[in-house]
Trainee: 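Pasting in a structure now, in structure tokens, and then I'll have a few things to ask.
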There are 2 protein chains.
Amino acid sequence: MAEREVDRSVSQTVKAQLALRDQILSGALRPGERISELQAVETTGASRTPVRMALVRLEEEGLLEAIPSGGFMVKAFSERDISDSIELRGTLEGLAARFAAERGVSARELEPLKECLAAIDELLRQVPISVDAFSSYVTLNARFHAVLTELSRSPPLIRQIDRASALPFASPSGFVMAQSALPEAQQILIIAQEHHRVVIDAIENREGARAEAIMREHARLAVRNLRLALRNRTHLDLLPALALIKTATD
Amino acid sequence: MAEREVDRSVSQTVKAQLALRDQILSGALRPGERISELQAVETTGASRTPVRMALVRLEEEGLLEAIPSGGFMVKAFSERDISDSIELRGTLEGLAARFAAERGVSARELEPLKECLAAIDELLRQVPISVDAFSSYVTLNARFHAVLTELSRSPPLIRQIDRASALPFASPSGFVMAQSALPEAQQILIIAQEHHRVVIDAIENREGARAEAIMREHARLAVRNLRLALRNRTHLDLLPALALIKTATD
DNA sequence: CTCTCAGCTATTGTATACATAACGCATACA
DNA sequence: TGTATGCGTTATGTATACAATAGCTGAGAG
């Protein structure tokens, strides 16, 4: 048969994984819903083998859950799961910051971090923050965290942080915040930015303990922030929100 | 054809995953070595599809690494990778201990922990520690850590700790220690045990910060311990050592 | 003697066929 | 009318066939 359209530029497995992740994050597949392989085959355009590999990867990634009787379902997360994940990530990033500080980082390596800092500063200067500006902020902030993580020079740690980021990055805290137009939002972002500034300083001066403490405080701020935002909303439809904001924010 | 022996009591995928993990940890497959699917099919008795799923899982687990041109190879770890992983796990377990303390744990839930404690106490009473006793210690210690992790009541955290445990649990620190008959070994285990005792106390009294600090110190001890053990050996053949001690120790 | 290119082989990526188990529905009996 | 059982359908687990690519080997030329 094979009238299937085959895109040879990227492996079928990866294609299926990306497509399925999109479907999950966009809310096309709702939490708790069973994923039909056959249906996934149709929507992704790959055949069953790559689809199954993608499903296994997504399960390991934490977005899916294996059903004992067979197959997979979209994992459902509680509010506490999300906030725990944010705190978890903050803890790991704290360790990364400490490693970076203790192991030393050249001025050249700190450059990208400072660039993010400056760019975000620029964005935050406007009041109130536009949607576009907020979106840029989200991207820049994600980049800041990614670069900081890399500076730890610890592959196992970097790997763990990547894994731990799935939920916080997908978490709608920033989105919810922006949507509910929290009066405190601007204020919160400025505090977060201050954290960024101070952590760079701590790393520069090789103060590991201080760098770590700041990142953890940073995460705790994000958790408070999430709770605050959630309280202002009657209903939190987590997954659909993820369609709109796919990168982390705090 | 199908003269293949099929064990229907457990899925082929799981069977293949366990078999391959054993091969890796036993050193039958050396770090950096490419894993041949065909060979894996022969040694595991499963067919290619379950083998591939197992390979993907092992990759996500961190034991394998994907080769860009295709296939997988056994991941090689540096001494720093191992020690970073131990510290990483300690950090996460610190968070777990804090969660447990802050969220409260009933006396009944602490019972298994205290049982481990008592059992290990019993083992450590003998001097010097026999190989059997040491082996029992390793098992009990792993159980202690697992139970403690569960007490956090945080699925995302538990999941991460499980993932982070792959390396430390496989790490030969205890094995090396026992083999090199470190004079300090007994002493170190006693200190570790003291950590266990104190962390239970902290959790009982709901002192989150103290519980966390102890677990992190506990990990730092394990790292020092590993470094010490490694210094006493001219050569560390990591993976084969794993054949002999498959559970964590510190 | 060495380097390069071509062809082959072996291994992976993908697709699909087959087997088996689970779920649902319908029917019959209590 | 409700429950239980059996059959059928559907989906997953597994195996294998097919396709494509990467690496290797050998031969030929410089």
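To find a chain, count down the sequence lines: A is the first, B the second, and so on, and within it residues start at 1. Predicted model only: the values in this text are computed from it and were never measured.
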Trainee: Which residues pass the side chain to side chain contact (heavy atoms under 4.5 Å, CB included) test with B/P155, sequence neighbours left out?
Mentor: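 With neighbours one apart ignored, the set is A/D81.
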Trainee: For B/M73, check side chain to side chain contact (heavy atoms under 4.5 Å, CB included) against everything at least two apart and list the hits.
Mentor: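 In terms of side chain to side chain contact (heavy atoms under 4.5 Å, CB included), with neighbours along the sequence ignored, B/M73 is linked to B/E65, B/I67.
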Trainee: What residues, two or more places apart in sequence or in another chain, satisfy salt bridge (Lys or Arg N to Asp or Glu O under 4.0 Å) together with A/E37?
Mentor: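 Salt bridge (Lys or Arg N to Asp or Glu O under 4.0 Å) check on A/E37 returns A/R48, A/R52.
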Trainee: Within this structure, what is the CD-to-P distance between B/Q39 and C/dA10, rounded to whole angstrom?
Mentor: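 Rounding to the nearest Å, CD of B/Q39 and P of C/dA10 are 15 Å apart.
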Trainee: Test of understanding: with side chain to side chain contact (heavy atoms under 4.5 Å, CB included), list the residues that count as partners of A/E102, not counting sequence neighbours.
Mentor: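 If we apply the side chain to side chain contact (heavy atoms under 4.5 Å, CB included) test to A/E102, skipping adjacent residues, the hits are A/R98, A/F99.
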Trainee: Not counting sequence neighbours, which residues clear side chain to side chain donor-acceptor pair (under 3.5 Å) with B/R159? List them please.
Mentor: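 In terms of side chain to side chain donor-acceptor pair (under 3.5 Å), with neighbours along the sequence ignored, B/R159 is linked to no residue.
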Trainee: Within the 4.0 Å limit for protein heavy atoms, which parts of nucleotides 7-13 of chain D are touched? Write it as a string from 5' to 3', B for base, S for sugar-phosphate only, - for none.
Mentor: ----SBB
